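Below is one structure; the comments refer to it alone.
Hydrogens, waters and symmetry mates play no part in the numbers below; they use all other heavy atoms, side chains included. Quick caveat, the model's predicted, so the values are computed rather than measured.
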Amino acid sequence: MNTEELLAKLGAVGHAQRLRIVAELYRSAQEGERLHVSELARRLGLSRALLYMHLERLETAGMVAGQLELSDDGKAMKYFELQPFTLTLDAETIAETVARDAEPAPDANTKGGKG
């Protein structure tokens with residue numbers, strides 16, 4: 001993981017509404033249920049536009065994945081599901097992430113980054 005990925009994950013879980021979204025998707029999955037955006041918005045009391053904004057942050061962080069499907073009557077329905085993730089945050093994780101980003105990038109014109 002690099003700093004950008006760590007910040008995306010922290011940003012994704014750093015909002016109460018996004019935590020509620022993760023919790024609702026988790027509960028639904030435990031019950032064997034898949035939720036489309038409209039149903040998820042109803043359950044959480046959010047507008048679809050606001051929900052999509054939060055889902056985009058979660059999707060960018062790799063915590064949820066969306067899939068567009070057509071219903072039997074031809075309506076486009078977007079379903080979201082949790083993706084497996086573990087978030088460990090401690091001083092060691094932060095130090096390793098920052099150190100990894102400080103390493104020089106391999107030169108694309110040479111093998112292994114050495115001249």
message: Surrounding CD of Gln83 (heavy atoms of other residues, nucleotides or ligands, distance under 6.0 Å), is the total greater than 12?
response: yes
message: With rounding to the nearest 0.5 angstrom, report the CD to CG distance, Glu33 to Leu25.
response: 10.5 Å
- request: Of all the heavy-atom pairs spanning Thr3 and Val98, show the shortest one and how long it is.
  value: OG1-CA, 4.2 Å
Any donor-acceptor pair under 3.5 Å from Thr60 side chain to Glu56 backbone: yes
field: Glu69 and its salt bridge (charged side-chain N to carboxylate O under 4.0 Å, His left out) partner, picked from Lys75, Arg34, Lys78
entry: Arg34
query: Would you say the side chain of Ile21 lies within less than 4.5 Å of the side chain of Leu58, judging by non-hydrogen atoms?
result: yes
CZ-CG distance between Arg42 and Leu35, expressed to the nearest 0.5 angstrom: 10.0 Å
query: Going by heavy atoms in the side chains, are Leu44 and Glu24 under 4.5 Å from each other?
result: yes
query: Going by heavy atoms in the side chains, are Met63 and Val13 under 4.5 Å from each other?
result: yes
message: How close do Ala76 and Leu68 get, counting heavy atoms only, and between which atoms?
response: CB-CD1, 4.0 Å
message: Once you measure the plane-to-plane angle for Tyr52 and Phe80, does it fall in the parallel (<30°), tilted (30-60°) or perpendicular (>60°) bin?
response: perpendicular
field: Taking every non-hydrogen atom, the tightest pair across Ala12 and Ala61
entry: CB-CB, 3.7 Å
- prompt: Linking I/L/V/M/F/W/Y whenever any side-chain heavy atoms sit under 4.5 Å apart, do Met77 and Leu82 land together?
  reply: no
- prompt: Around Glu4, counting heavy atoms of other residues, nucleotides and ligands shown, do more than 12 lie under 6.0 Å from its CD?
  reply: no
- prompt: CD/Glu5 to CG/Leu10 distance, rounded to the nearest 0.5 angstrom?
  reply: 12.0 Å
field: Arg43/Glu39 ion pair, N-O < 4.0 Å
entry: yes
message: Please report the interatomic distance OH(Tyr26) to CD(Glu31), rounded to the nearest 0.5 Å.
response: 11.0 Å
task: Flag yes if Leu87 and Leu7 sit in one hydrophobic cluster, no otherwise; membership is Ile, Leu, Val, Met, Phe, Trp, Tyr, and two members link when side-chain heavy atoms are under 4.5 Å apart.
output: no
message: Ignoring hydrogens, what is the shortest heavy-atom contact between Thr97 and Thr93? Give both atom names and the distance.
response: OG1-O, 2.8 Å
- prompt: Mind checking whether Met53 and Leu50 have side chains closer than 4.5 Å, heavy atoms only?
  reply: yes
message: Check this for me: Asp73, atom CG, are more than 12 non-hydrogen atoms of other residues, nucleotides or ligands nearer than 6.0 Å?
response: yes
field: Joint hydrophobic cluster, Tyr79 plus Leu46, side-chain heavy atoms closer than 4.5 Å
entry: no
- request: List the atom of Glu59, the atom of Gly66, and the distance in Å for their closest heavy-atom pair.
  value: OE2-N, 3.1 Å
- request: Before giving the answer on side chain to side chain contact (heavy atoms under 4.5 Å, CB included), spell out for Ile94 and Glu92 the whole-Å C-alpha distance, their side-chain angles and the decisive distance to 0.1 Å.
  value: CA-CA 5 Å; Ile94 293 170; Glu92 181 179 4; over 6 Å; no
Gln17 and Arg20: side chain donor to acceptor below 3.5 Å: yes
